[in-house]
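Worksheet: one structure, shown below.
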Amino acid sequence: MPFPNFEGKHDAQSVFTPEDLLAGVEETLPPALVVCYQDAFFGEVVETYTDGNTISDVGMGDIYRVNDDVAVMGNFGIGGPATAGLVEEKSELGVEAFCILGGAGCLDPSITPDQPVVATRAIRDEGASYHYQPPEAPAEPSPALVDSLTSELGAAGHQVVTGSTWTTDAFFRETVPEVEHYTEQGVLTVEMEAATLFSVAEYVGVDAAAVFAIGDYVTADDRTVPEASLGLLPELFEPVVGTLSASVR
């Protein structure tokens with residue numbers, strides 16, 4: 001059975017669009033958006049870097065301004081469908097660059113919790129991206145944004161790792177053969193959103209990237225949570241914001 005089920009879908013017109021949803025809305029957002037999936041980290045960012053007042057009451061999630069160029073978003077859900085919706089909706093409100101800053105499972109035990117991982121491509125093992133791009137299309141971030149993030153994080157003193165991520169909807173069905181396969185292929189991380197973000201960003205014509213901190217280690221034998229799980233995230237926020245600010249000016 002092909003996926004999506006209806007052949008030729010990618011060239012067809014949508015019944016309901018972000019333009020329909022936002023008809024009459026005059027609000028605009030800063031041109032860059034940091035997307036946070038971990039609630040505790042998002043709360044810390046809001047308290048530390050914003051005035052605590054949302055800048056948008058339109059659509060999904062809570063959005064706070066960090067500076068004139070960058071906002072941060074959270075409290076909208078997790079996974080591919082939520083990510084697809086936010087990219088379509090927020091790009092319609094003026095966002096030109098999206099960057100995930102969140103946690104991921106790590107398939108490579110040599111990567112330590114103090115090393116950020118910048119994704120260079122995503123394996124499409126979820127559902128939403130297939131409604132935006134044909135099955136054979138790669139899910140890749142914006143190369144210039146990847147290069148800038150890698151450089152800026154390195155300049156901030158971080159030992160950055162770059163490579164592929166595996167995006168799957170079913171975190172309770174990350175099976176032993178799959179983990180073995182992707183580990184052998186050199187895939188670094190597993191998470192739920194990057195492939196969707198990259199595919200929908202390509203569809204709507206905006207930039208996208210993803211930066212991960214290690215939340216746990218996923219191997220064929222076990223899943224272990226390091227003591228410093230996700231502890232790196234707060235240290236990555238300022239370099240990511242700086243990179244995004246420069247990218248949209």
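In what follows, residues are counted from 1 in the order of the sequence shown. Because only heavy atoms are used, hydrogens play no part in the values below, and waters and symmetry mates are left out as well, while side chains stay in.
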### Query
D11 versus Q13: any side-chain heavy-atom pair under 4.5 Å?
no

### Message
Less than 4.5 Å apart, side chain to side chain, heavy atoms only: is that true for L29 and I55?
### Response
yes

### Task
Write down the atom of S56, the atom of E27, and the distance for their closest heavy-atom approach.
CA-OE2, 2.9 Å

### Task
Answer whether the closest heavy-atom distance between the side chains of I63 and V72 falls below 4.5 Å.
no

### Message
Counting C-beta onward and ignoring hydrogens, is there a side-chain heavy-atom pair between N75 and F42 closer than 4.5 Å?
### Response
yes

### Message
Would you compute the distance between atom OG1 of T175 and atom NE2 of H181 and round it to the nearest 0.5 angstrom?
### Response
10.5 Å

### S247 (side chain) donor-acceptor with L244 (main chain) under 3.5 angstrom
yes

### Task
Evaluate side-chain contact (heavy atoms from CB on, under 4.5 Å) for I123 paired with R121, printing each intermediate quantity in order.
CA-CA 7 Å; I123 295 167; R121 75 177 183 106; 3.9 Å; yes

### Query
With distance as the sole test, does T219 use its side chain to make a donor-acceptor pair with the main-chain N or O of D222 at under 3.5 Å?
yes

### Query
Do C106 and I214 come within less than 4.5 Å of each other through their side chains, counting heavy atoms only?
yes

### Query
Where do V206 and V95 land on the side-chain contact (heavy atoms from CB on, under 4.5 Å) test, with the steps shown first?
CA-CA 8 Å; V206 297; V95 177; over 6 Å; no

### Task
Could you grab the distance from atom CZ of F98 to atom CE of M73, nearest 0.5 Å is fine?
8.5 Å

### Task
Compare every heavy atom of G59 with every heavy atom of K90, then report the nearest pair and how far apart it is.
NZ-C, 4.1 Å

### Message
Please give me the minimum heavy-atom distance between D108 and Y217, naming the atom from each residue.
### Response
O-CE2, 4.0 Å

### Task
Taking the side chain as every heavy atom from C-beta outward, state whether V117 and T162 have any atom pair closer than 4.5 Å.
no

### Query
Can you name the closest pair of heavy atoms from L149 and C99 and give their distance?
CD1-SG, 4.0 Å

### Task
Test E88 against Y132 for side chain to side chain donor-acceptor pair (under 3.5 Å), laying out the working first.
CA-CA 11 Å; E88 288 235 52; Y132 289 86; 2.8 Å; yes

### Task
Please test V87 against V204 for side-chain contact (heavy atoms from CB on, under 4.5 Å), starting from the C-alpha separation and ending with a verdict.
CA-CA 8 Å; V87 174; V204 301; 4.0 Å; yes

### Query
Taking only residues at least two apart or on different chains, which pairs with a member in residues 186-212 satisfy side-chain hydrogen bond (donor to acceptor under 3.5 Å, both in side chains)?
E126-T196, S142-D207, T165-T189, T165-E191, T167-E191

#### Entry: Any donor-acceptor N/O pair, Q38 side chain to G103 backbone, under 3.5 Å
yes

### Query
Is S245 reaching over with its side chain to a backbone N or O of V241, donor-acceptor style, under 3.5 angstrom?
yes

### Task
I would like to know whether D20 and T17 meet side-chain contact (heavy atoms from CB on, under 4.5 Å); could you show each step before the answer?
CA-CA 5 Å; D20 297 328; T17 68; 3.2 Å; yes

### Query
Got a donor-acceptor contact below 3.5 angstrom from the D125 side chain to the W166 backbone?
no

### Query
Do the side chains of V35 and L101 get nearer than 4.5 Å, heavy atoms only?
no

### Heavy-atom side-chain contact between E178 and R173 under 4.5 Å
no

### Query
Of the non-hydrogen atoms in S110 and Q115, which two are nearest, and what is the gap between them?
O-OE1, 3.8 Å

Side chains of residues 223-238: which donor-acceptor partners sit under 3.5 Å, not counting sequence neighbours?
{"residue": "R223", "atom": "NE", "partner": "D216", "partner atom": "OD2", "Å": "2.5"}
{"residue": "R223", "atom": "NH2", "partner": "D216", "partner atom": "OD2", "Å": "3.1"}
{"residue": "S229", "atom": "OG", "partner": "G215", "partner atom": "O", "Å": "2.7"}
{"residue": "E238", "atom": "OE2", "partner": "Y49", "partner atom": "OH", "Å": "2.9"}

#### Entry: By ring-ring contact (aromatic ring centres under 6.0 Å, His included) - contacts of H158 (at least two apart)
none

### Query
Can the ring centres of F76 and Y37 be said to be less than 6.0 Å apart?
yes

### Query
Can you say whether the rings of F3 and Y130 are parallel (under 30°), tilted (30 to 60°) or perpendicular (over 60°)?
perpendicular

### Summary
Distance col, row Y64:OH vs E47:CD, nearest 0.5 angstrom, shows 11.5 Å

#### Entry: D62 CG to C36 SG distance, which is reported to the nearest 0.5 Å
11.5 Å

### Message
To the closest 0.5 Å, what do you measure between CD1 (I78) and OG1 (T83)?
### Response
9.0 Å

### Query
Around Q159, counting heavy atoms of other residues, nucleotides and ligands shown, do more than 12 lie under 6.0 Å from its CD?
no

### Query
Is the backbone N or O of A170 less than 3.5 Å from a side-chain atom of T168, with the two atoms forming a donor-acceptor pair by type?
yes

### Message
Could you check whether atom CZ of F6 has more than 12 heavy atoms from other residues, nucleotides or ligands sitting under 6.0 Å from it?
### Response
no

### Query
Of the non-hydrogen atoms in V160 and T150, which two are nearest, and what is the gap between them?
CG2-O, 3.9 Å

### Pairwise distance CG(L107) to CD(Q185) - rounded to 0.5 angstrom
11.5 Å

